[in-house]
Undergrad: 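Structure below; questions to follow.
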Amino acid sequence: MIKEQLNVLIQLAASDSNVAEKEAKLIQMIGVSNGIPKEDIDEMLKNPSRPIGDLGTLTDDQKFEHLYQVVQMMKIDGQVFKSEIVFCEDIAGRLGYKKGVIAELSSKIFSDPSITADRDALRKKAQKFLK
C-alpha cells in the first residue's frame, strides 16, 4: 500500500510539471519511514507515470491518511496550482470522498510536515464527505 501512496504523491508533485525539492523530501521522508529504500523512492521519482491502482479497497483510516498526505503535498511548496487541486479532487473521489473535502481539509492542514493538525478532528470532518 505504501508504494501506491508514494505513487499518488509523486504524480501530484509532478502534476505542475516540476517536482519541487520540498515535495521530493516529503515523499522520501514518508517512504523511508515506512521501510522503502531511498533508492526505490528515487527510481519512482524519475518515473512518475505509473497508473494509480484501486484506492477503494483501503480502510477508512487508510483513506484518510492518503487524503491527508495529498493535501499536505499540494501545499508543501507554498504554491497551489489548479492542476494540483484537480488532481487532489480526483484522488478524493477515488477514495470515496466528495470533492468538497479538499477545500475543507486544505484550510486546516499545514504545508510544514513538522506542524501537525488535530488528525482526529480532521478525520471526523472528512468522514462527513464520504459518499
Side-chain angles (χ1 to χ4, degrees):
M1 185 199 83
I2 189 62
K3 282 197 173 186
E4 186 60 43
Q5 255 181 313
L6 292 179
N7 180 42
V8 170
L9 294 176
I10 290 166
Q11 288 194 33
L12 172 57
S15 71
D16 62 0
S17 302
N18 178 36
V19 177
E21 185 178 337
K22 286 182 177 183
E23 292 170 329
K25 284 184 178 183
L26 178 62
I27 290 165
Q28 289 173 339
M29 180 186 79
I30 292 168
V32 169
S33 69
N34 283 282
I36 307 294
K38 185 181 180 315
E39 299 77 31
D40 290 2
I41 299 164
D42 290 341
E43 189 60 36
M44 291 174 75
L45 281 163
K46 289 178 194 170
N47 302 302
S49 59
R50 268 188 43 204
I52 296 172
D54 182 11
L55 302 177
T57 60
L58 302 174
T59 67
D60 286 349
D61 284 345
Q62 290 170 328
K63 288 178 182 182
F64 173 76
E65 287 303 316
H66 218 54
L67 193 63
Y68 186 96
Q69 289 176 346
V70 295
V71 172
Q72 190 172 51
M73 176 62 69
M74 175 179 68
K75 296 178 72 177
I76 196 158
D77 63 358
Q79 299 176 30
V80 177
F81 294 94
K82 178 71 175 163
S83 60
E84 293 173 322
I85 295 169
V86 169
F87 185 89
C88 286
E89 289 175 340
D90 177 58
I91 294 301
R94 291 177 187 221
L95 290 167
Y97 293 95
K98 297 174 191 157
K99 286 182 180 182
V101 73
I102 297 301
E104 180 69 26
L105 294 182
S106 182
S107 66
K108 295 168 182 65
I109 294 176
F110 301 96
S111 58
D112 184 343
S114 66
I115 304 172
T116 57
D118 181 352
R119 286 188 186 225
D120 287 333
L122 291 176
R123 184 176 280 114
K124 287 176 185 168
K125 285 185 182 292
Q127 283 179 333
K128 293 177 184 174
F129 288 88
L130 281 171
K131 296 178 182 175

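From a predicted model like this one, the values you see are computed outputs, not experimental measurements.
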Undergrad: Return a table of donor-acceptor pairs under 3.5 angstrom between the side chains of residues 122-129 and protein atoms on other chains or two or more places apart.
TA:
{"residue": "Arg123", "atom": "NE", "partner": "Asp61", "partner atom": "OD1", "Å": "3.4"}
{"residue": "Arg123", "atom": "NH1", "partner": "Asp120", "partner atom": "OD1", "Å": "3.2"}
{"residue": "Arg123", "atom": "NH2", "partner": "Glu65", "partner atom": "OE2", "Å": "3.2"}

Undergrad: Provide the closest heavy-atom pair for Val70 versus Cys88 in the form atom of the first, atom of the second, distance.
TA: O-SG, 3.7 Å
Undergrad: Taking atom CE of Met73 and atom CG of Leu6, what is their separation to the nearest 0.5 Å?
TA: 8.5 Å
Undergrad: Do Phe64 and Leu95 touch side chain to side chain, with heavy atoms closer than 4.5 Å?
TA: no
Undergrad: Using 0.5 Å steps for rounding, measure from the CD1 atom of Ile2 to the CD atom of Gln62.
TA: 10.0 Å
Undergrad: State the CD1-CG distance between Ile91 and Leu12, to the nearest 0.5 angstrom.
TA: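 Those atoms lie 8.0 Å apart.
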Undergrad: Please report, to 0.1 Å, the donor-acceptor pairs under 3.5 Å made by any side chain of residues 27-42, with sequence neighbours excluded.
TA:
{"residue": "Gln28", "atom": "NE2", "partner": "Asp42", "partner atom": "OD1", "Å": "2.7"}
{"residue": "Ser33", "atom": "OG", "partner": "Met29", "partner atom": "O", "Å": "3.0"}
{"residue": "Ser33", "atom": "OG", "partner": "Ile30", "partner atom": "O", "Å": "3.0"}
{"residue": "Asn34", "atom": "ND2", "partner": "Ile30", "partner atom": "O", "Å": "2.7"}
{"residue": "Lys38", "atom": "NZ", "partner": "Asp42", "partner atom": "OD1", "Å": "3.4"}
{"residue": "Lys38", "atom": "NZ", "partner": "Asp42", "partner atom": "OD2", "Å": "3.0"}

Undergrad: Testing the basics here: between Leu45 and Ala24, what is the closest heavy-atom pair and its distance to 0.1 Å?
TA: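 For Leu45 versus Ala24, the nearest heavy atoms are CD1-CB, 4.3 Å.
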Undergrad: For Asn7 and Pro48, work out which heavy atoms get closest and say how close.
TA: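 Heavy atoms of Asn7 and Pro48 come nearest at OD1-O, 4.5 Å.
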Undergrad: Give, for atom CG of Leu26 and atom CD of Gln72, the distance between the pair rounded to the nearest 0.5 Å.
TA: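 Output value for this atom pair is 5.5 Å.
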Undergrad: How about Ile10 and Val19: do any of their side-chain heavy atoms sit closer than 4.5 Å?
TA: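 SC-SC contact between Ile10 and Val19 ruled out.
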Undergrad: Hydrophobic clustering (ILVMFWY, side-chain heavy atoms < 4.5 Å, transitive) - are Met44 and Ile52 grouped together?
TA: yes
Undergrad: Please name the pair of heavy atoms, one in Asp77 and one in Glu23, separated by the smallest distance, quoted to 0.1 Å.
TA: OD2-OE2, 3.4 Å
Undergrad: Determine whether Phe87 and Val8 satisfy the following criterion, side chain to side chain contact (heavy atoms under 4.5 Å, CB included), listing intermediate values before the conclusion.
TA: CA-CA 9 Å; Phe87 185 89; Val8 170; 4.0 Å; yes
Undergrad: Rounded to the nearest 0.5 Å, how far does CG of Leu105 lie from NZ of Lys75?
TA: 10.0 Å
Undergrad: Where the side chain of Lys63 meets the backbone of Gly96, is there a donor-acceptor pair that is under 3.5 Å apart?
TA: no
Undergrad: Distance from Asp118 atom CG to Ile109 atom CD1, nearest 0.5 Å?
TA: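 Going from the CG atom of Asp118 to the CD1 atom of Ile109 covers 11.5 Å.
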Undergrad: Mark yes or no for whether Ser106, through its side chain, and Ala103, through its backbone, hold a donor-acceptor pair below 3.5 Å.
TA: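 Judged by distance alone, no pair lies under 3.5 Å.
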Undergrad: If two hydrophobic side chains count as joined below 4.5 Å and joins carry through other members, does Ile76 share a cluster with Phe81?
TA: no
Undergrad: Is the closest side-chain heavy-atom distance between Glu4 and Leu58 below 4.5 Å?
TA: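 With C-beta onward as the side chain, the pair stays apart.
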Undergrad: Inspect the surroundings of NZ in Lys131 and state if more than 12 heavy atoms from other residues, nucleotides or ligands are less than 6.0 Å away.
TA: yes
Undergrad: Any idea which heavy atoms bring Ser15 and Glu84 closest together, and the distance?
TA: OG-CG, 3.4 Å
